Amino acid sequence: MLDLKLLRNSTKEVGALLKRKGYEFDLVNWSDLENQRKILQSETESLQSELNTLSKEIGELKRSNKDSSGKEKNATELTARIKTKSKDLDILLKTINQIVMGMPNIPDEEVPDGKDESDNIEVRTFGAVPKFNFTPLDHLELGSLHKGIDMESGAKITGSRFSVLKSDFAKLQRSLISFMMDVHVNENGYKEVYVPFIVNSQSLEGTGQLPKFEEDLFKLEGDQSYYLAPTAEVPVSNLLRDEIIESKQLPIKLVSHTPCFRSEAGSYGKDTKGIMRLHQFEKVELVQAVEEGDSDEALEELTIHAESILKKLEIPYRVVLLCTGDLGFASAKTYDLEAWVPSQNTYREISSCSNFRSFQARRMMARWKNPSNGKTELLNTINGSGLALSRTLLALVENFQQKDGSIAIPDALRDYFKADSIKQN
RNA sequence: GGAGAGGUGGCUGAGUGGUUGAAAGCGCUCCCCUGCUAAGGGAGUAUAGGGUUAACCCCUAUCGAGGGUUCGAAUCCCUCCCUCUCCGCCA
């Protein structure tokens, strides 16, 4: 959510900035609603103030056993007027809130203009793209060769875009999870948390998935509005909701491994093969909360932490800065990490690291106490995957495949996998 | 699932219809005193929204959430959520 004061005082400027992200801010409608609100709110409040005074007077009269019936009659009338007005005000405020909750974050200045991912800017690359002296297989071919990826069973058990991992492939995923968690906890300074995978609508509003993107989520049946978490970002960030953090606790750095559930509405026909895009996948997520001035640095740091996994696994990758058209709803600036996928002869997203500034914190009321001025201020949140498991597994097996069909295990992972390769049995 | 208790400011915790936005304590900030690994005295210290100012300041809302009763609700009524205790069931 954007700052209401900013929206009111710099409406045009905000409109121009949001336009970069493809959001049309209806300035006329907005200022019309705002003018109505201003009038209605001050009218309602002054009537309320009048009533409060009157009620106090009635109280005093009653205490001294004097007649208050005249004043009470006035008050009854006032109450009725207030009721009508505040109903109108309520509707108006809800309308305005709906608009504001549907407005994306303002992109940072250094975010390049662009319409889609083709306009993203490559920031840096790591590792040499492997050259095979044989025809490399894709991850699904490798998966069936080793009987490690079973899409048919996934479809049978549940449906399309669900997968089953078996034997060494299942073990590889488990090793990767432990490896990533250990690196982030022991080397990068994160605290491990285990959180619910089912979240309520308030949490989803806090991080920005609701109200706008409900169709991307799996909603549970029942009286409560529960959803399957699309990313650990939701439960982990919401640990801070309605909290006031002491400055000595900052920065907060949390890491969590969770499954993620996404309906993938609108992605029909995209990445239909294999485990690139699933309704359920595992992810290790990094979340930071810092004071306002520190968020730029925190994004750089968090991105490097996510990269550290790819580096250790020796998977070639590149870092791209997302352009305005590819930037997520809540993000002010995002770096994507893209791992090399030999079968597609291109880099594919494996992590997305974003600076949300105060956008999420304002929705969540996640704050900290600034000792330098004694004020309670909004936190800034930053998060990123470190990393998405199915895509890491995919990139690993494709990049490390050998001519004989075996898959080498990167050195860094061997303590976890307890073997130096995956061989056919 | 059954029975009971409860949800108040950063924290603990008073408060059962009328200057209670809320006592007291803790914590925190500032000042004074004192002086050494301590203590004492004083002042200040919720959040959100709105109006207004150079600054001050004023108004409104908020005592789990949402409704209701009333001139007036933290206090009464209804619904829901959550926590705790006991019982039952269970990984």
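So that the names make sense, note that chain A is the first sequence line, chain B the second, and so on, each numbered from 1. This one's a predicted model, so the numbers in the text were calculated from it and none came from an experiment.
Remark: A:E43 does not engage A:R81 in a salt bridge, criterion side-chain N to carboxylate O under 4.0 Å. Note on A:D88 versus A:K85: no salt bridge recorded, every NZ/NE/NH1/NH2 to OD/OE distance being 4.0 Å or above. Between A:E377 and A:R367, none of the side-chain N atoms (NZ, or NE/NH1/NH2) sits under 4.0 Å from a carboxylate O, so this pair counts as no salt bridge. Note on A:D168 versus A:K423: no salt bridge recorded, every NZ/NE/NH1/NH2 to OD/OE distance being 4.0 Å or above.
In this structure, A:L89 atom CG and B:C59 atom P are separated by 19 Å, rounded to whole Å. Here the P atom of nucleotide B:G49 and the CG atom of A:L2 are 14 Å apart, to the nearest Å. For the pair A:K62 NZ and B:G18 C1', the interatomic distance rounds to 10 Å; values are reported in whole Å.
B:C76 is paired with B:G68 under the criterion used here, namely a Watson-Crick or G-U wobble arrangement in which both key atom distances are under 3.5 Å. Under the Watson-Crick or G-U wobble criterion, with both distances below 3.5 Å, B:U47 is paired with B:A61. Look at B:A23: it lacks any Watson-Crick or wobble partner with both distances under 3.5 angstrom. In this entry B:G4 has B:C84 as its Watson-Crick or G-U wobble partner, both defining distances falling under 3.5 Å. With a cut-off of 3.5 Å on both Watson-Crick or G-U wobble distances, the partner of B:C30 is given as B:G42. Under the Watson-Crick and G-U wobble criteria, each requiring two contacts below 3.5 Å, nucleotide B:A55 is left unpaired. Taking a pair to require two hydrogen-bonding distances under 3.5 Å in either a Watson-Crick or a G-U wobble arrangement, B:U16 remains unpaired.
Taking atom C1' on both nucleotides, B:C33 is separated from B:A43 by 15 Å, rounded to a whole Å. For the P atoms, the distance linking B:C87 with B:G15 amounts to 30 Å, nearest Å. Here, B:A74 and B:G9 have their P atoms 14 Å apart, quoted to the whole Å. Comparing B:A65 with B:G10, their P atoms sit 13 Å apart, to the nearest whole Å. Taking atom C1' in both B:U29 and B:A22, the straight-line distance is 22 Å, to the nearest Å. Annotation: B:G17 and B:A73 have their P atoms spaced 14 Å apart (nearest Å).
Ranking B:C71, B:U60, B:U47 by closeness to the A:I58 side chain, first place goes to B:C71. Side chain of A:S55, nearest nucleotide from B:G51, B:C71, B:C82: B:C71.
Heavy atoms of A:L51 sit under 4.0 angstrom from primed sugar atoms or phosphate atoms, though from no base atom. Residue A:K83 is in sugar-phosphate contact alone, with no base atom involved, counting any heavy-atom pair closer than 4.0 Å across all strands shown. Heavy atoms of A:T376 sit under 4.0 angstrom from primed sugar atoms or phosphate atoms, though from no base atom. Using a 4.0 Å heavy-atom cutoff across all strands shown, A:S42 reaches no nucleic acid atom at all. Residue A:N74 is classed as having no contact, given no heavy-atom separation below 4.0 Å to the nucleic acid. A:L54 comes within contact range of no nucleotide atom at all, as no heavy-atom separation falls under 4.0 Å.
In terms of phosphate contacts, A:N52 brings a side-chain nitrogen or oxygen within less than 4.0 Å of OP1 or OP2 of B:U60. Within the structure, a side-chain polar atom (N or O) of A:Q48 is placed less than 4.0 Å from OP1 or OP2 of B:A61.
The 5' end of RNA chain B is approached more closely, in terms of each residue's nearest nucleotide, by A:M365 than by the other of A:M365 and A:K38. Nucleotides of RNA chain B nearest to A:R37 and A:R367 differ in position, and the one nearer the 5' end is that of A:R367.
Cation-pi geometry between A:K212 and A:F329 is not met at under 6.0 angstrom from the ring centre and within 45 degrees of the axis.
Under the 3.5 Å distance criterion, the side-chain polar atoms of A:T231 are matched with a main-chain donor or acceptor of A:E233.
Looking at A:I149, A:T158, A:I157 one by one, the single match for side-chain contact (heavy atoms from CB on, under 4.5 Å) with A:V164 turns out to be A:I157.
A donor and an acceptor atom never sit less than 3.5 Å apart when one is taken from the side chain of A:Q41 and the other from the base of B:G49.
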